[in-house]
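We count ligands from 1, going down the list as the structure has it; atoms in each ligand are counted the same way.
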Amino acid sequence: MGRMDHVPRAPAFTLRRLHSVDDRALAGLVDVLVDCVEGGASVSFMQPLTRERALAFWRGVASDVAAGRRALLVAEDAAGLCGTVQLVLDLPENQPHRADLCKMLVHRRARRRGLGEALMRGAETLARDCGRTLLVLDAVTDGDAARLYARLGWVRVGDIPDYALFPQGGLCGTTYFYRRVGAGPR
Ligand SMILES: CC(C)(COP(=O)(O)OP(=O)(O)OC[C@H]1O[C@@H](n2cnc3c(N)ncnc32)[C@H](O)[C@@H]1OP(=O)(O)O)[C@@H](O)C(=O)NCCC(=O)NCCS
């Protein structure tokens with residue numbers, strides 16, 4: 001047994017905040033979104049999601065990021081962009097301390113190795129950096145993402161049945177969660 005056997009391996013991905021989204025990042029974001037929708041994730045789009053529609057969506061996000069209306073995190077591994085999450089910052093003037101967390105996406109090739117957890121922790125740090133202390137999100141009831149959020153300590157508010165369609169059709173419920181992120185060390 002070698003000396004390094006008990007040293008944890010460094011994560012095989014890095015997280016980065018994008019303040020502007022270039023064409024290369026756009027292509028990677030399209031890949032991740034198309035892959036997630038092909039895999040059956042209920043994230044606003046129906047199958048089949050063409051690259052053109054996905055690109056139109058990400059161009060809109062890019063313009064919000066450039067204008068400071070959204071904050072965008074991406075994860076990259078050796079093969080390129082493999083995950084992302086966003087904070088929506090342009091909320092009504094009576095909610096300056098809050099952000100909505102959305103479009104948390106991990107490419108199927110990069111799942112189940114801690115990237116989802118890392119993106120969520122990164123999003124919390126990003127929220128603090130943006131002066132936001134309360135985060136809200138919704139996720140398919142009892143899905144992989146809802147399990148992740150509950151595991152990370154997000155508070156489950158409640159379920160709304162028949163909220164949206166799965167990308168292949170069929171109704172799914174959504175569960176709302178919130179998390180306070182400004183309360184100092186956890
Ligand atoms: C939900 C989602 C983001 C999770 O991403 P992920 O990178 O797989 O998340 P993690 O790796 O942190 O955790 C997922 C599972 O892998 C496990 N895991 C983490 N690291 C692991 C490792 N090194 N070895 C084995 N398992 C591991 C976790 O314990 C967790 O297990 P569980 O699902 O049985 O509870 C991903 O499934 C996804 O993108 N889904 C489609 C899009 C979607 O639904 N987004 C949410 C919108 S609200």
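Between R132 and D129 there is no salt bridge, since no side-chain nitrogen of the basic residue lies less than 4.0 Å from a carboxylate oxygen of the acidic one. Salt bridge annotation for D31-R109: absent, with no cationic side-chain nitrogen under 4.0 angstrom from a carboxylate oxygen.
R112 O, 3.6 Å is the protein heavy atom nearest to atom 24 (N) of ligand 1. In terms of protein heavy-atom proximity, atom 33 (O) of ligand 1 is nearest to R147 NH2, 2.8 Å. Protein heavy atom nearest atom 42 (C) of ligand 1, with residue, atom name and distance: A41 CB, 3.5 Å. Closest to atom 41 (C) of ligand 1 among all protein heavy atoms lies R111 NH2, 3.2 Å.
The aromatic rings of F45 and F57 sit perpendicular to each other, their planes meeting at more than 60°, with 30° as the lower class boundary.
At a 3.5 angstrom cut-off on N or O pairs, L105 does not count as close to ligand 1. No N or O atom of A139 sits closer than 3.5 Å to an N or O atom of ligand 1. At a 3.5 angstrom cut-off on N or O pairs, D138 does not count as close to ligand 1.
Scored by the side-chain contact (heavy atoms from CB on, under 4.5 Å) test, A56 finds no partners at all (sequence neighbours excluded). Considering only residues two or more places apart in sequence or on other chains, D144 meets the side-chain hydrogen bond (donor to acceptor under 3.5 Å, both in side chains) condition with R147.
Set against the non-hydrogen atoms of M104, the atoms of ligand 1 under 4.0 Å away are 3 (C), 42 (C), 43 (C), 45 (N), 46 (C), 47 (C). Using a 4.0 Å cut-off to heavy atoms of G114, the atoms of ligand 1 that qualify are 10 (P), 11 (O), 12 (O), 19 (C), 20 (N). For ligand 1, the atoms lying closer than 4.0 Å to a non-hydrogen atom of E117 are 12 (O). Here is the list of ligand 1 atoms found below 4.0 Å of a heavy atom in G116: 5 (O), 6 (P), 7 (O), 9 (O), 10 (P), 12 (O). Within ligand 1, counting atoms from 1 as listed, the ones closer than 4.0 Å to a heavy atom of A145 are 1 (C), 46 (C).
At a heavy-atom cutoff of 4.0 Å, ligand 1 is contacted by no atom of L137, backbone or side chain. Using a 4.0 Å cut-off between heavy atoms, Y149 contacts ligand 1 through its side chain alone, with no backbone atom that close. Here K103 has no heavy atoms under 4.0 Å from ligand 1, in either its backbone or its side chain.
Distances from ligand 1 to the non-hydrogen atoms of M120 include no value under 4.0 Å.
Among the candidates V136, T175, L137, the single residue satisfying the side chain to side chain contact (heavy atoms under 4.5 Å, CB included) test with W154 is L137.
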